[in-house]
Amino acid sequence: MRLILRLALSAAIPFFASEATFAGGVSGAPAPFDKGGVKIALISYISAGDFFQAYQAGAEAQAKSLDIDLRVFPGRQDAAEQREQVLQAINLGVSAIVIDHGLPESLGDVAQQALDKGIKVVAFDVNLNNPKIPQVEQSDHELAKLALEQAVKDNGTSFNAGYAYVAGFAPLDRRNEVWDKFRSENSGVVEKARFGVVDDTTATSTADQAKAVLSANPDITVVFAPYDEFARGVKLAANDLGVAKKLKIYSADVSTADIQEITEEGSPWVATVATNPAVVGAVSVRVAALQIAGQDVPQQITVKPTLLTQESLRAAGVKTIDDLAQKVPAFSRSDAATATWIPDKLF
């Protein structure tokens, strides 16, 4: 009964369109973008949090620049609902579907149904194991590698660590591969505890676990939390326990809220490695557009990350994502999935 009710409610959820006005398409663009109004669906597993909101904003900005009718389905960390949303998008007759995160086991067959109907599918940070589905990613291996290199620079190669991780999410699994290799190459790094939660209150839920971990393991001096919501939760726990001064947190991803938490006085969150989520959202839409236009795209499209330390952010006076984009030009653009007819100056 609960599943039937949830699916019924899901079917009643209205889609949200971008603010684009379809006034004749994009000059010089190939069909069908020369006429405008191409329908693309963006279906997210997670919508809460600054990263995912910025990702959606970037996707909407790129869609508007291409006169695309972007249908945005809100994510609620519900695999059954996301699956139903893919089916809804198919029934709407969209030309492409961008799937943002999710659980591969619940998406693989419905993604194939879309392909069978001639609908292009693009995946961001969810591995659907389908050669016909391009994968957009943030170079998760490099994200983790840069963060851990900074951890070694700050702490040496011997320290007791806490590690925030939840299996089953493609970006976290890729970052975990780097962590496992890092520990195998650095015998002095001891993983004292592993914890983490992904839900609609990830930071708060992770904070509850982190409090227990830090209380039980007072010798932990470093936490690798390769997702900013994890890092926010660990920071909250460290502050509540009064151990922030003896802890260093290294993360991945960034938002304006993250920057404020990293740069505040006494913050244990000392570094993060990130791409601009708005740029990643724009790249995801560009990949879909190129496919619809019949142009080849690689199987893997990577947006390169940037190391952001507490020290460098403070020195540059960076307080917001807008500041970061202005003061670190590489953060505001990507040459991934571009074409002469696709505007890429969006922010």
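Exactly one of Leu42, Val38, Val94, Val98 qualifies for a side-chain contact (heavy atoms from CB on, under 4.5 Å) with Leu70. That residue is Leu42.
Side-chain contact, Thr206 with Gln209: no donor N or O sits under 3.5 Å from an acceptor N or O. Between the side chains of Asp116 and Gln112, at least one donor-acceptor pair of N or O atoms lies under 3.5 Å. Side-chain atoms of Ser205 and Thr201 include a donor-acceptor pair closer than 3.5 Å. Glu264 and Gln260 share no side-chain donor-acceptor pair at under 3.5 Å.
Shown here for Trp269 and Ile262, the closest heavy-atom pair between the two residues is O-CG2, 3.3 Å. Of all non-hydrogen atoms in Gly168 and Asp173, the two that sit nearest each other are N-OD1, 3.2 Å. Nearest heavy atoms, Phe224 versus Ala144: CZ-CB, 4.0 Å. The shortest heavy-atom contact between Val318 and Thr320 is CG1-O, 3.6 Å. In plain terms, the two heavy atoms of Ala123 and Leu128 that are nearest each other are CB-CD1, 4.3 Å. Looking at every heavy atom in both residues, Asp67 comes nearest to Gly25 through OD2-N, 2.9 Å.
More than 12 heavy atoms of other residues, nucleotides or ligands lie within 6.0 Å of NZ in Lys246, so this atom counts as buried by the packing criterion. Within a 6.0 Å sphere centred on CG of Asp335, other residues, nucleotides and ligands contribute 12 heavy atoms or fewer. Dense packing is recorded around CD of Glu177, with more than 12 heavy atoms of other residues, nucleotides or ligands lying under 6.0 Å away. At most 12 non-hydrogen atoms from other residues, nucleotides or ligands lie less than 6.0 angstrom from NZ of Lys117.
No path of Ile, Leu, Val, Met, Phe, Trp and Tyr side chains, each step under 4.5 Å between heavy atoms, connects Leu308 with Tyr250, placing them in separate hydrophobic clusters. Under the 4.5 Å side-chain heavy-atom criterion for grouping Ile, Leu, Val, Met, Phe, Trp and Tyr, Leu247 is not connected to Val190 through any hydrophobic cluster. Taken together through direct or relayed side-chain contacts under 4.5 Å among Ile, Leu, Val, Met, Phe, Trp and Tyr, Val328 and Leu307 form parts of separate hydrophobic clusters. Transitive grouping of hydrophobic side chains (ILVMFWY, heavy atoms separated by less than 4.5 Å) keeps Val283 and Val254 in distinct clusters.
At a threshold of 4.5 Å between non-hydrogen side-chain atoms, the residues Leu324 and Leu313 count as touching. Residues Gln310 and Arg314 have side chains in contact (heavy-atom distance under 4.5 Å, counting atoms from C-beta outward). Val178 has its side chain out of reach of Leu143: every pair of non-hydrogen atoms, C-beta onward, lies at least 4.5 Å apart. Taking the side chain as every heavy atom from C-beta outward, Val189 and Phe159 approach each other to under 4.5 Å. The shortest distance between side-chain heavy atoms of Phe331 and Ile321 falls below 4.5 Å. Asp258 places a side-chain heavy atom less than 4.5 Å from the side chain of Arg232. For the pair Lys304 and Ser139, the minimum side-chain heavy-atom distance is 4.5 Å or more. Under the 4.5 Å side-chain criterion, counting only non-hydrogen atoms from C-beta, Tyr55 is not in contact with Asp125.
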| message | Under the criterion side-chain contact (heavy atoms from CB on, under 4.5 Å), I'd like the reasoning laid out for Val166 against Tyr227: C-alpha separation, chi angles, the key distance, then a yes or no. | response | CA-CA 10 Å; Val166 175; Tyr227 171 27; over 6 Å; no
| query | Please walk me through it: do Leu148 and Trp179 pass side-chain contact (heavy atoms from CB on, under 4.5 Å)? | reply | CA-CA 8 Å; Leu148 291 170; Trp179 172 248; 3.8 Å; yes
| said: If you apply the rule side-chain contact (heavy atoms from CB on, under 4.5 Å), what do you find for Thr272 with Asp228, and how did you get there? | reply: CA-CA 8 Å; Thr272 192; Asp228 59 344; 5.5 Å; no
| field | Stepwise salt bridge (charged side-chain N to carboxylate O under 4.0 Å, His left out) test for Asp109 and Arg83 | value | CA-CA 9 Å; Asp109 62 326; Arg83 176 185 174 84; 2.6 Å; yes
| query | So Phe195 and Val234, side-chain contact (heavy atoms from CB on, under 4.5 Å) or not? Walk me through it. | reply | CA-CA 10 Å; Phe195 59 97; Val234 176; 3.9 Å; yes
| message | Show, in sequence, the C-alpha distance, side-chain angles and deciding distance for Arg76 and Asp200, and conclude whether the salt bridge (charged side-chain N to carboxylate O under 4.0 Å, His left out) test is met. | response | CA-CA 7 Å; Arg76 295 184 175 85; Asp200 55 357; over 6 Å; no
| field | Test salt bridge (charged side-chain N to carboxylate O under 4.0 Å, His left out) applied to Asp154 and Lys248, step by step | value | CA-CA 9 Å; Asp154 293 343; Lys248 289 185 172 68; over 6 Å; no
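Between Tyr45 and Phe169, the angle of the ring planes lies from 30° to 60°, which puts this pair in the tilted group. Classification of the Tyr163-Tyr165 ring pair by plane angle, with boundaries at 30° and 60°, yields parallel.
The existence of a salt bridge linking Glu149 and Lys145 is confirmed by a sub-4.0 Å separation between a basic side-chain nitrogen and an acidic carboxylate oxygen.
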